[in-house]
Amino acid sequence: MTNPNLFHIHHEETDTGTTLYLIGQLDLSMAVHFRSVVEPLAMNADKTLTLNLRDLRYIDSTGLGILVAILKVREEVGQTLIVEDVTPKVQRLLDLTGISKFLRPVPDQTAEQKGGAV
Amino acid sequence: MTNPNLFHIHHEETDTGTTLYLIGQLDLSMAVHFRSVVEPLAMNADKTLTLNLRDLRYIDSTGLGILVAILKVREEVGQTLIVEDVTPKVQRLLDLTGISKFLRPVPDQTAEQKGGAV
Amino acid sequence: MIQTTKRIRITIPADAEFIDVVRLSLYGLATRMGFSFEEIEDMKVAVSEACNNVILHAYTQPDEGEIELTFTPHVDRLVISVRDQGTSFNFEQTVKGVEPLHDKEIHELKAGGLGIYMMQALMDEVVVHSGAGTEVILTKLLSHQGGKTHASEANHLSGDIHG
Amino acid sequence: MIQTTKRIRITIPADAEFIDVVRLSLYGLATRMGFSFEEIEDMKVAVSEACNNVILHAYTQPDEGEIELTFTPHVDRLVISVRDQGTSFNFEQTVKGVEPLHDKEIHELKAGGLGIYMMQALMDEVVVHSGAGTEVILTKLLSHQGGKTHASEANHLSGDIHG
Ligand SMILES: Nc1ncnc2c1ncn2[C@@H]1O[C@H](COP(=O)(O)OP(=O)(O)O)[C@@H](O)[C@H]1O
Ligand SMILES: Nc1ncnc2c1ncn2[C@@H]1O[C@H](COP(=O)(O)OP(=O)(O)O)[C@@H](O)[C@H]1O
């Protein structure tokens, strides 16, 4: 019964990795919160970091900018950022801005159809 | 892929009756159209007239006023108006305005739970 | 999170095509304030009734005037003003004749006259100023018995992690 | 059905909490005009970028100013103006530095600077007037290859019977 647009994060932790499910709209009003959650996780080189975007209904340059910042952090700690279940709507913005090529898709799910991220 | 709020009517005709499925939002912008569709059917005493409100997402005094007008027409031609699959949201407005008591619920579906329309 | 002194103003043509835009804006603001879905539905209908009245009764020329809406969120309530510059009317006089259909027989029914009744039934307060045009001020309180719903809404607002 | 001379004006505080209300209004108007869902998503992002910029760059005091939006529907396009009364900036100068990340290496990436690029990529026209504050005018054409979608949308608008 909640407004499906209101942003929140569902957090799943295993021994080897962390998955964050981003739910709702990630815009300027939620940017600080999102960053405060994801940045500490990004700095942990011992665990994989996965963002599941299945229920991400909206993102703009504010959220994309944080993805870029996280990518840089992951690179610095010698890790990658895995982004999975991207909807066509969000994929379009990732492609448009050129962020796609920096994201590692999950091999079994998105590799073929999205084609060729590094 | 259409906006689920935009109003339209799905029309089902059998030998003995007509069912109109009201879909979307019935507000002032759609009142003239709705009335022009439902009034001729209401005047036909030979067929039952059923409004299915399962997918009616919004109604206000404009639409309720047309229901009242149709009720009167049905009464004049010696018939009733059957209203089925009413959502709680719409039922609330029918109760609030006092229109409920004039509507004949479908016996098998709504009679017990809604309780006591004439 | 949404502060009390801030407000949203929306001006639409006095044309029924645009009322849905008002309902959507209201939905967006009211969910963020923590209103329940039922309360939001109530407000959507009440505000639409006020807009319908402007379109049907305020302006003599169709498609001429505008409707000015102001949404002012307070900690414990949402105040919505609906204004027109059209012909005014005597609200006190009108409101006396306002009644639902509960005690009527079918042959006594009239199709109109439910708008003001519904506004009053669905909102906590309805105030009408009539002068150069009309201003209808609708107030809905954030219910406290609904605290559970609101707390979980507020969680989403502040974006707390779940799980 | 929605005529060309009419328009909607929305004023919100320069506060990120209120941008979703703008997106919802835009959605309501644009679906009625017959825009496709992809076109509407494009406009939602572009308008949000313009609002983000007002909030982040126009006003020195946080939570001080307002954002004034005007939506003007035309037969073949929607024109959206986003205005602030804040500090102005040199758009021509800024726009030269605007670029996506396609040709970059990961260590060259900056987190900002995508807003104007995205507005330009997602709209058919972006015009910026800077003076006493800034006005960003965003235009989206109703695509004609999308005619099929639009025809069916228009059916819903005019409420034709299906079946
Ligand atoms: N904004 C307005 N401007 C002028 N007259 C109004 C306005 N709002 C309401 N009225 C008057 O009040 C009457 C009662 O309104 P209402 O209860 O909504 O029922 P209805 O609109 O069906 O007549 C209207 O018929 C009209 O004469
Ligand atoms: N409304 C505005 N008022 C003042 N400056 C602005 C405005 N919009 C954009 N700018 C300037 O243009 C620059 C580029 O904007 P943009 O491409 O959206 O990227 P970002 O907002 O991430 O910096 C901003 O950094 C800012 O200096």
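To find a chain, count down the sequence lines: A is the first, B the second, and so on, and within it residues start at 1. Just the heavy atoms: all of them, side chains too, but no hydrogens, waters or symmetry mates, feed the values below.
Between the side chains of Asn52(C) and Thr62(B), a donor-acceptor pair is found at a separation under 3.5 Å.
Not one N or O on the side chain of Glu75(B) forms a donor-acceptor pair closer than 3.5 Å with the backbone of His107(C).
A heavy-atom distance below 4.5 Å is found between the side chains of Phe102(B) and Leu101(C).
For a heavy-atom cut-off of 4.5 Å, chain B lies close to no residue in residues 88-95 of chain C. For a heavy-atom cut-off of 4.5 Å, chain C lies close to Arg92(B), Leu93(B), Asp95(B), Leu96(B), Thr97(B), Gly98(B), Ile99(B) in residues 92-99 of chain B.
Among Leu67(B), Leu28(B), Asp27(B), Ile59(B), the residue with the largest count of heavy-atom pairs under 4.5 Å with chain C is Leu28(B). By number of non-hydrogen pairs under 4.5 angstrom with chain B, the leading residue of Leu109(C), Asp103(C), Leu114(C) is Leu109(C). Heavy-atom pairs under 4.5 Å with chain B were tallied for Ile55(C), Ile19(C), Asp42(C); the largest tally goes to Asp42(C).
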(request) Give the intermediate values and the outcome of side chain to side chain contact (heavy atoms under 4.5 Å, CB included) for residues Arg23(C) and Asn5(B). (result) CA-CA 11 Å; Arg23(C) 281 194 292 266; Asn5(B) 287 342; over 6 Å; no
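Of all the heavy atoms in Lys101(B) and His102(C), the pair that sits closest is NZ-O, 2.6 Å.
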